[in-house]
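Here is the structure we will look at, set down as structure tokens.
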There are 2 protein chains.
Amino acid sequence: MRLTLKDLARELGVSTATVSNAFSRPDQLSAELRERILAEAQRLGYQGPNATARSLRRGRTGIIGLILADRLQYNFEDPVATRFLHGVSEVFDQQNVNMLLLPSRSEFYLGQSFDSLADGYIIYGPPRDGRILDKVTARRKPSVTVDFNLEGVRSLNIDNFAGAHLAAAHGIRHASGQIAVLGLRLISDATQISRVGDQPLTTAEESVSRRRLDGYQAALLEAGRELNPDWIWNAPESRYELGYQAAREALLCTPRPELLLCMSDRLALGAVAAAQDMGLVIPDDLKVIGFDDIPTAAYQRPALTTIHQPQHEKGRQAARMVLGLNNRSRDIVLDARLIVRDSC
Amino acid sequence: MRLTLKDLARELGVSTATVSNAFSRPDQLSAELRERILAEAQRLGYQGPNATARSLRRGRTGIIGLILADRLQYNFEDPVATRFLHGVSEVFDQQNVNMLLLPSRSEFYLGQSFDSLADGYIIYGPPRDGRILDKVTARRKPSVTVDFNLEGVRSLNIDNFAGAHLAAAHGIRHASGQIAVLGLRLISDATQISRVGDQPLTTAEESVSRRRLDGYQAALLEAGRELNPDWIWNAPESRYELGYQAAREALLCTPRPELLLCMSDRLALGAVAAAQDMGLVIPDDLKVIGFDDIPTAAYQRPALTTIHQPQHEKGRQAARMVLGLNNRSRDIVLDARLIVRDSC
DNA sequence: TTGTAGGCGTTATCAT
DNA sequence: ATGATAACGCCTACAA
């Protein structure tokens with residue numbers, strides 16, 4: 001059987017309170033007694049207070065939950081997510097906080113409700129199932145939404161509208177012909193590439209991508225140009241292959257687009273490959289602008305012109321917000337900036 | 001004040017047991033009553049059983065701890081680690097298991113002992129502080145060590161010796177001149193690049209890298225050649241810049257090495273860049289072989305010849321082992337294989 | 001099918 | 001400085 005604090009107390013002939021103090025509040029007992037207790041614990045193989053019991057009693061666990069919009073694995077695959085997590089973990093590391101990774105599969109929350117284990121939540125992207133959000137907000141624990149907004153919860157975003165605006169404005173300065181957009185999650189529940197046309201789009205509140213689209217459109221409008229929904233493609237996920245596929249479709253249309261505005265670098269990199277495989281030269285025959293500024297965007301030849309968003313810093317900020325280390329502003333919006341390289 | 005199961009029971013005029021069953025064991029009560037309870041819970045804003053209390057009572061949490069050898073952030077940065085986590089999370093996703101990421105900072109375990117929260121552990125790489133391992137093994141929970149071995153704990157490794165042997169054997173078939181090794185964590189507590197010389201090395205038990213070194217040496221010996229410790233450089237971490245720096249040092253020596261055996265692809269990619277910056281042409285002037293086969297190794301020009309290790313599969317296996325889904329063999333060793341590309 | 005009650009292992013409060 | 005004791009919120013025999 002497992003040793004408990006009580007066993008140890010009995011063995012030593014002291015009270016459980018004292019043993020507890022020996023581990024958790026050294027100032028409450030004499031150094032000498034504490035020493036004796038710790039030594040005995042060591043000898044008997046007692047590993048310290050049971051974390052579950054302690055959490056129950058104390059009302060907190062030292063764990064922050066990260067609710068990830070996508071499948072868990074996606075977040076280890078996509079450099080955008082990875083860099084965000086990297087930033088979060090940097091702060092958690094410093095603060096001795098544990099990170100519980102929670103996918104947003106609804107079975108999880110609706111059934112098991114492990115969620116109450118965490119002292120707070122970072123919600124990275126809008127969960128597919130909205131009921132999860134209800135659950136989290138009902139807990140009234142410190143929470144931060146990232147890349148979307150939720151009534152009554154602090155949020156952290158980049159300025160997607162402005163970023164997209166920069167991209168489009170730069171793009172049309174260099175391309176006068178047809179423009180196509182490779183969008184990301186513009187349509188709920190899509191599972192494959194599709195031309196947007198008259199399908200209903202997500203709203204600006206719930207989606208980063210929609211705000212990017214609005215940014216593109218505003219810039220075009222200001223230049224007296226227009227973006228027909230038929231020239232917008234939607235990808236359900238930010239993946240190279242989907243970018244390749246969508247770009248291929250777009251580039252086979254007439255008139256062939258001269259500018260591709262892509263809502264992620266991974267889509268853009270796929271698009272570049274597709275163009276090259278069709279014998280097009282970038283940026284001469286086709287200009288491509290990405291979004292995110294992932295590391296590969298800079299390595300790639302031609303290097304990708306894109307919008308930089310500070311993912312790592314975003315992660316750090318999110319962590320600081322949820323831990324209450326950042327009590328200044330309520331909502332935070334970080335800047336996005338244009339990085340001009342070779343593709344446009 | 002927070003609602004508890006008891007409050008809900010009182011409100012409804014039923015027993016706490018019934019309410020508990022409504023949430024956790026639907027078959028124990030009439031569908032009708034359950035419905036009523038759930039509805040009332042919804043109405044009052046009761047979010048389901050408190051996870052901490054439930055865990056205390058049940059003795060398990062549905063959480064698996066991942067003890068990461070390095071700083072937490074390193075694991076989101078290094079593609080080798082990332083792909084491993086990706087594999088783990090794939091299985092956890094399916095099995096409705098939560099993943100608690102634990103860095104191996106000792107303060108954590110020695111003081112707070114949050115560790116007992118987990119139902120089991122995957123220990124990815126040897127923690128810097130060995131006492132952590134004592135703590136974990138003392139808990140007697142299902143555990144798996146990855147990339148190292150620990151008495152009494154199931155382990156998962158790739159065949160590092162064989163992999164390195166393949167690399168070296170291939171290398172000397174194409175290069176007859178001087179050979180240099182860019183090693184990884186061959187020396188404990190190193191914090192920067194250093195030439196190994198007569199510094200003491202880690203043992204084969206505790207380190208992947210040492211087994212790789214043995215593999216290199218065995219292959220060279222079989223070919224009647226030798227590897228002088230003066231031609232081995234050590235990097236404390238697998239990073240591009242360290243590879244660059246070490247390679248630069250090595251390539252400035254006389255005779256200039258013709259073959260670089262690198263213990264990670266990131267080191268190798270840095271080495272390639274260093275060589276190119278020195279005006280060397282790969283593979284004509286210098287041959288480079290990496291280890292890991294990270295995605296970039298294939299993209300890069302010249303594409304990197306390297307040893308493939310199935311990181312994703314390794315993650316899946318580790319997850320299956322710790323969850324007891326894999327009751328066949330005790331220890332597992334996965335194959336590594338040579339991928340010949342352009343750099344050698 | 002539903003209710004009663006003891007205990008999971010701690011820690012905080014209040015005595016002594 | 002140390003001890004006694006009552007929670008923390010839930011689950012599960014067992015009884016009804």
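Chain identifiers are assigned alphabetically (A, B, ...) following the order of the sequence lines, protein sequences preceding nucleic acid strands; residue numbering begins at 1 within each chain. Given the structure is predicted, the values throughout are model-derived calculations rather than measurements.
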Nucleotide [N], atom [atom2] - distance to [atom1] of [X] in whole Å:
| X | N | atom1 | atom2 | value |
| --- | --- | --- | --- | --- |
| L56(B) | dC11(D) | CG | P | 11 Å |
| R54(B) | dC8(D) | CZ | C1' | 16 Å |
| I37(A) | dG3(D) | CD1 | P | 8 Å |
| R10(A) | dG3(D) | CZ | P | 15 Å |
| N21(A) | dA4(D) | CG | P | 14 Å |
| F23(B) | dT12(D) | CZ | P | 15 Å |
| R36(A) | dA1(D) | CZ | C1' | 13 Å |
| L117(A) | dC10(D) | CG | C1' | 13 Å |

Taking atom types as they are modelled, is there a donor-acceptor pair under 3.5 Å from the base of dT11(C) to the side chain of R57(A)? yes

In terms of relative ring orientation, are H86(B) and H312(B) parallel, tilted or perpendicular, with 30° and 60° separating the classes? perpendicular

For the backbone of S55(A) and the side chain of T52(B), can you confirm whether one donor and one acceptor N or O come within less than 3.5 Å of each other? no

Sidechain-backbone polar pair: S20(A) side chain, T16(A) backbone, donor-acceptor under 3.5 Å: no

Checking contacts here: which listed nucleotide (dG3(D), dG3(C), dG9(C)) is nearest the side-chain heavy atoms of A53(A)? dG9(C)

Which comes earlier along DNA chain C counting from the 5' end, the contact point of T16(A) or that of Q28(B), where each point is its nearest nucleotide? Q28(B)

At 4.0 Å (heavy atoms only), tell me whether [X] reaches a base, stays on the sugar-phosphate, or touches nothing.
| X | answer |
| --- | --- |
| S24(A) | sugar-phosphate |
| L5(B) | sugar-phosphate |
| S30(B) | sugar-phosphate |
| L29(B) | sugar-phosphate |

Taking only N and O in the side chain of [X], is any of them less than 4.0 Å away from OP1 or OP2 of [N]?
| X | N | value |
| --- | --- | --- |
| T18(B) | dG3(C) | yes |
| R25(A) | dA12(C) | yes |
| T4(B) | dG9(D) | no |
| Y46(B) | dC10(D) | yes |

Any chance you could lay out the side chain to side chain donor-acceptor pair (under 3.5 Å) test for R54(B) and T61(B), step after step, and finish with the verdict? CA-CA 8 Å; R54(B) 156 184 274 178; T61(B) 57; over 6 Å; no

For side chain to side chain contact (heavy atoms under 4.5 Å, CB included), just list the numbers for L5(B) and Y46(B), CA-CA rounded to whole Å, side-chain angles, deciding distance to a tenth of an Å, and then say yes or no. CA-CA 8 Å; L5(B) 189 148; Y46(B) 176 70; 3.6 Å; yes

